[in-house]
Amino acid sequence: MTSRKLGGHFLSVMTVVIAIVVFFPIFWMVLTSFKTEADAFIYPPLVVFQPTLENYNIALAQSGYFRQLVNTLAITGFSTAVALLLGVPAAYTLAFHPTKRSNFTLMWIMSTRMLPPVGVIVPLYIIFQNLDLFDTHFGMILLYTAMNLPLVIWMMHSFLSDIPYEILEASQIDGVTLIQEFRYIIVPLALPGLMATILLCFIFTWNEFFLAFNLTITKAAPLSVFIASFKTSEGLFWAKMSAAATITALPVVIAGWVSQNSLVRGLTAGAVK
Amino acid sequence: MSTLQNSVPTTGTARPPDKSYLRQKLARPAIIYLIVLTQIPVVFTLIYSFSNWNLLRPDRTRFVAFQNFVDFFTNPDMPVIIRNTLVFSLSIVLFSLIFGMMLALLLNRQFRGRGLARTLLITPFLIMPTVSAVMWKNMLFNPAFGLISSFLVSIGGPRIDWINTYPMFSIVVIVTWEWTPFMMLILLAGLQSLSQEYIEAAQIDGAGPIEIFLYIIVPHLRRYIEIGVLLEVLFVLNIFGEIFVTTTGGPAIDTTTLTFDIYKEAFLRWNIGRSSAYGVFAVILANIVTIVFLRITRSGTQQNKEAA
């Protein structure tokens, strides 16, 4: 019995050690962001050093970085909001008033999410050029809304299906309007699901690179495009790169940590809860 | 409270006849939006794929029927690109399945620090892919200053230029690091739905850990494995940022996948016709995987309904 207990302890310690090893590159990047450029290159890596916020000042003072941070916030925020406005009502109808075709509709909606971006990038590029949507916030919001919409519909369909229809029926007999029904019944009851959905949209949009890289240049370019420009820095400015990368990655990491219990449900379109 | 009441829309005294009609039609705007933004571009891709439109020589544009699709099969680079795509996606999915399974089994136990371990382990999946790629390329794989080389040299090992010597392996390492948490989370959800009683009963019958894994855990996880593998294939086939940042598809075409090749045809050679035709293949491939995925998830929900 004691040997089994010992084995259990061993596995627990091993799990934590593996987790630390897997996380180490991220920890090291964050640590490097507080070092001077000279300290960043010392090997073995310095663990005790005089921390500095200089790299963060430099990163945020760069006009390009700050603008792209604002771009990312604006594009992510608006596209998530529009996707919710269109997607939550759609999920409502599909969950509470299904028809024979609803199942097919849900599948089709899912298939639009699985559409490879390379399969549509050429026409999008040409349409965007012709309609003056190229390198605009509006254009990116339009696209990211389409990217988030299937996610919102599937997730909210999954969460709304947990609400008993009798509650809605009772309120409808009392004569509530549709807006009241959303405001006082649907949204409060589905709030945890709604929050998880918002966080997932936020994660996917914030991290998106392919569409942004090909459909923006500077004016509407988000941070993912900015960070990719470090691809040729060949390790010369590790500390500044780490600071910029840390600010860029941090919001999504926090969102993911907060929503980790519903992450699976969102990632698998409700196939796994 | 008063503001709350003020913002409540006034209820019509007469019950509008179309009220439930409206409730049944709320999916319309979303569906129309998705048709316009996703299906119409696909139609355009299909139309372009029958032309030789090149943005550098637009005056020579004409209808070429299936020429671009024939090019797909006769292009001497294509066998390499297909091989790269297969090696890339299959090795990433296989490695992340193996590591994800190990980590899920380790996390499916009660111990102090479990929550922290899980939180740390999912983080690579949350880091922006271009951040991961830039970080691995410069800080870990760099031959002169990278942590891996510095460590190997300090223990008397060789100094390896990972990305130039083993380009595909390097990218597979980065993407596996990113996607293992995805598989781990799905398998962990599966393990948590497995009743501990089955395992205990098997233990009483004298089954060892390997037998329990092969004959109880794996069959139970089958659907979770299928869902995880298919979804990851779909996502990994679309990977672009990691390749762009680390190798730009090179050296030569050694790390060019189908996705990356379509990008090169479109935005480096401006060959709209050919990139569209290749894009059609990418769409068909993704649709096949999606249909299999939807089959599995639907059969799962039906099983659940029958069981209930």
Side-chain angles (χ1 to χ4, degrees), chain A residues 11-12 15-16 19 22-23 25-26 29 41 43 86-87 89-90 92-94 97 107 109-112 114-124 146 149 153 175 177-180 207 209-210 214 224 227-228 230-231 233 235 238 245 248-249 252-253 256-257 260 263-264 267-268 271-272, chain B residues 9 11 22-24 26-27 29-30 33-34 37-38 41-42 44-45 48 106-107 111 113 117 119-124 126-131 134-135 138-140 142 145 150 182 185-186 189 224 227 231 234 238 240-241 245 259 262-263 266-267 272 275-276 279 282-283 286 290 294 297:
Chain A
L11 286 178
S12 307
T15 314
V16 175
V22 166
F23 187 77
I26 301 164
M29 182 182 81
F41 284 97
Y43 186 87
L86 288 169
Y92 169 90
T93 293
L94 290 166
H97 300 283
M107 303 259 171
I109 288 169
M110 194 69 233
S111 77
T112 66
M114 302 305 189
L115 187 69
V118 282
V120 288
I121 191 65
V122 169
L124 286 177
L149 198 46
I153 295 174
T177 64
L178 189 56
I179 292 171
Q180 286 172 327
N207 283 353
F209 176 64
F210 182 71
N214 288 310
S224 58
I227 292 296
F230 282 106
K231 82 194 209 69
S233 73
W238 279 9
T248 305
V252 165
V253 169
W257 284 352
Q260 56 178 293
L263 214 51
V264 175
L267 291 168
T268 61
V272 174
Chain B
T11 317
L22 185 65
R23 286 182 165 87
Q24 285 160 18
L26 290 173
Y33 192 93
L34 283 175
L37 267 289
T38 67
V42 174
F44 273 99
T45 302
Y48 296 157
L106 284 172
L107 283 179
F111 60 94
T119 302
L120 293 180
L121 285 169
I122 63 165
T123 312
L126 300 168
I127 298 280
M128 180 185 281
T130 46
V131 166
V134 160
M135 179 185 79
N138 290 315
M139 300 174 72
L140 291 153
N142 182 298
F145 307 106
S150 301
F182 172 81
L185 280 175
I186 290 177
Y224 294 88
I227 289 170
L231 278 175
L234 279 169
N238 289 336
F240 173 80
V245 167
T259 294
I262 297 170
Y263 157 77
F267 296 108
I272 300 305
S275 60
S276 297
V283 171
T290 307
L294 290 173
T297 52

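Here is how names work: the chains are called A, B, and so on, in the same order as the sequence lines, proteins then strands, and each is numbered from 1.
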message: Other residues, nucleotides and ligands only: do more than 12 of their heavy atoms fall within 6.0 Å of CZ on Phe267(B)?
response: yes

query: Where on Leu34(B) is there a heavy atom nearer than 4.5 Å to chain A: the side chain, the backbone, both, or neither?
result: both

- request: Would you mind checking which part of Leu185(B) comes under 4.5 Å of any heavy atom in chain A, side chain (CB onward), backbone (N, CA, C, O), both or neither?
  value: both

message: Working to the nearest 0.5 angstrom, can you tell me the gap between Phe240(B) CZ and Asn214(A) CG?
response: 5.5 Å

task: Under 4.5 Å, counting heavy-atom pairs only, tell me which of Pro117(A), Ser12(A), Gly256(A) racks up the most with chain B.
output: Ser12(A)

- prompt: Any side-chain heavy atom of Ile122(B) within less than 4.5 Å of one from Trp257(A)?
  reply: yes

- request: Determine the minimum heavy-atom distance between Met128(B) and Ser224(A), stating which atoms define it.
  value: SD-CA, 3.4 Å

field: Main-chain N/O of Leu126(B) paired to Asn207(A) side chain as donor or acceptor, under 3.5 Å
entry: yes

query: Do Pro116(A) and Thr259(B) have side-chain heavy atoms sitting under 4.5 Å apart?
result: no

Pairwise distance CG(Leu26(B)) to CG(Leu178(A)) - rounded to 0.5 angstrom: 5.5 Å

task: Work out which heavy atom in Leu149(A) is nearest to a heavy atom in Ala30(B); give both atom names and the distance.
output: CD2-O, 3.8 Å

- request: Could you look at Phe210(A) and say if it's the side chain, the backbone, both or neither that has a heavy atom under 4.5 Å from chain B?
  value: both

Part of Ile127(B) lying under 4.5 Å from any heavy atom of chain A: both

message: To the closest 0.5 Å, what do you measure between CE (Met114(A)) and OG1 (Thr38(B))?
response: 13.0 Å

query: Between Thr119(B), Ile186(B), Leu107(B), Leu37(B), which shows the greatest number of heavy-atom pairs under 4.5 Å with chain A?
result: Thr119(B)

query: Can you tell which of Gly87(A), Ala249(A), Pro25(A) has the highest number of heavy-atom pairs within less than 4.5 Å of chain B?
result: Pro25(A)

task: Please flag which part of Val264(A) lies under 4.5 Å from any non-hydrogen atom of chain B: side chain, backbone, both or neither.
output: side chain

field: Shortest non-hydrogen separation from Ser276(B) to Val122(A) and the atoms involved
entry: OG-CG1, 3.8 Å

message: I'd like to know whether Lys231(A) forms a side chain to side chain contact (heavy atoms under 4.5 Å, CB included) with Asn138(B), so could you lay out the CA-CA distance, the side-chain angles of the two residues, the decisive distance to 0.1 Å, and finally the verdict.
response: CA-CA 8 Å; Lys231(A) 82 194 209 69; Asn138(B) 290 315; over 6 Å; no

message: Quick check: closest heavy atoms across Met135(B) and Met29(A), and the distance to 0.1 Å?
response: SD-SD, 3.5 Å

- request: Measure the spacing between CG of Leu11(A) and CZ of Phe111(B) and express it to the nearest 0.5 Å.
  value: 9.0 Å

Closest approach of Pro124(B) to Val22(A) (non-hydrogen atoms, all atoms of both residues): CG-CG1, 3.7 Å

message: If you compare all heavy atoms of Phe44(B) against all heavy atoms of Pro123(A), which two are closest, and at what distance to 0.1 Å?
response: CB-CB, 3.5 Å

query: Counting heavy-atom pairs under 4.5 Å to chain B, which of Val16(A), Leu115(A), Thr248(A) comes out on top?
result: Leu115(A)

- request: Could you look at Ile26(A) and say if it's the side chain, the backbone, both or neither that has a heavy atom under 4.5 Å from chain B?
  value: both

Thr45(B) side-chain N/O to Gly119(A) backbone N/O, donor-acceptor pair under 3.5 Å: yes

